[in-house]
Amino acid sequence: MKKIVIALLALATTFAMISCSSTPSTMDEGAAKQAAINQSFDKVYGAHASSLILDGAQTYTVKKGDTLTAITKKFYAGKDENGYYFPLIMLASRNVVSDPELITPGMKLTIPDFDKNISDRTNGKKLSAYFKDLTGVYKQKDTPAAADILPHLVEISEELAKDSASESSTPAAESSEKPSVDPKTSTEPMAMPS
């Protein structure tokens with residue numbers, strides 16, 4: 001009886017080892033996909049970092065439950081009703097985190113001055129290309145947040161690219177045609193404990 005139990009244990013151990021070695025791990029696939037997405041974000045950030053004006057920037061420490069749209073609304077109140085200008089924060093904070101969906105409590109984000117970067121039409125046009133390039137990265141992501149954010153990035157890019165005779169032209173975020181997003185019901189992931 002003892003020999004049968006030992007033989008069964010050896011057989012089970014061998015089967016487990018073969019199963020584990022021949023089946024690719026979902027975590028490995030997920031990690032590889034996330035690494036590719038991070039690399040895409042980093043490439044876009046690197047290409048557009050010189051377009052960002054950091055004079056007057058502030059720092060914010062992410063708290064549990066924060067979303068980038070809520071943080072953006074807090075700092076750009078009255079200028080960014082919907083929080084979709086968070087890519088400015090990501091560009092300024094590119095050395096802290098690559099993927100906006102991966103913010104965690106304790107991260108220190110740099111918040112660039114909205115008026116110097118977006119309301120200034122000359123610089124806003126430069127940043128139009130940045131928002132457009134980000135759409136390519138968001139097409140790689142298969143999360144509900146990415147699907148929600150993508151059309152807003154396209155809209156912001158197009159609005160910033162428009163030639164305007166007036167310096168006081170309304171940025172895309174102030175348009176009354178865009179629906180407001182409640183951070184509590186948004187599909188954007190919240191900062192999770194680290």
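From a predicted model like this one, the values you see are computed outputs, not experimental measurements.
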Could you tell me if the side chain of [Y] sits less than 4.5 Å from the side chain of [X], heavy atoms only?
X	Y	answer
L102	Q34	yes
I71	L109	yes
P105	K63	no
N117	L52	yes
Y85	F75	no
K116	N123	no
I53	D113	no
V97	M90	yes

- Go through the structure and list residues passing salt bridge (charged side-chain N to carboxylate O under 4.0 Å, His left out) with D115, not counting sequence neighbours. K79
- Would you please classify the geometry between the Y130 ring and the Y45 ring as parallel, tilted or perpendicular, with 30° and 60° separating the classes? tilted
- With D133 via side chain to side chain contact (heavy atoms under 4.5 Å, CB included) - residues at least two apart: V44, H48
- Mind checking side chain to side chain contact (heavy atoms under 4.5 Å, CB included) for K139 and listing every partner two or more places apart, or none if nothing turns up? L150
Within this structure, what is the [atom1]-[atom2] distance for the pair [X] and [Y], rounded to the nearest 0.5 Å?
X	Y	atom1	atom2	value
L91	S51	CG	OG	7.5 Å
I89	F114	CD1	CZ	10.5 Å
Y76	S119	OH	OG	10.0 Å
D66	M107	CG	CE	12.0 Å
S128	E159	OG	CD	10.0 Å
E101	T67	CD	OG1	11.5 Å

- Item | Carboxylate-amine/guanidinium contact K132 E158, below 4.0 Å | no
- Donor-acceptor pair, S93 side chain versus T110 backbone, under 3.5 Å? yes
- Query: Counting N and O atoms only, with roles assigned by atom type, does the side chain of T143 sit under 3.5 Å from a partner on the main chain of A146, one being a donor and the other an acceptor?
  - Reply: yes
If you look at every heavy atom in [X] and [Y], which pair is closest and at what distance?
X	Y	answer
P112	A92	CG-CB, 3.6 Å
Q140	S40	OE1-OG, 3.0 Å
T72	L68	OG1-O, 2.6 Å
L134	P87	CD1-CB, 3.4 Å

- Task: Could you check T59 against K108 for side-chain hydrogen bond (donor to acceptor under 3.5 Å, both in side chains), going step by step and ending with a plain yes or no?
- Result: CA-CA 6 Å; T59 302; K108 294 193 184 307; over 6 Å; no
- Would Y60 and K74 satisfy side chain to side chain contact (heavy atoms under 4.5 Å, CB included), going step by step from the backbone distance to the final call? CA-CA 11 Å; Y60 177 77; K74 176 181 178 175; 3.7 Å; yes
- Task: Using the salt bridge (Lys or Arg N to Asp or Glu O under 4.0 Å) rule, pick out the option among K141, K33, R94 that qualifies with D99.
- Result: K141
- Message: For a side chain to side chain contact (heavy atoms under 4.5 Å, CB included) check, start with the C-alpha distance between L153 and Y84, then their side-chain angles and the critical distance, and finish with the verdict.
- Response: CA-CA 7 Å; L153 295 179; Y84 291 107; 5.6 Å; no
- Worked check of side chain to side chain contact (heavy atoms under 4.5 Å, CB included) between V62 and T104: CA-CA 7 Å; V62 177; T104 57; over 6 Å; no
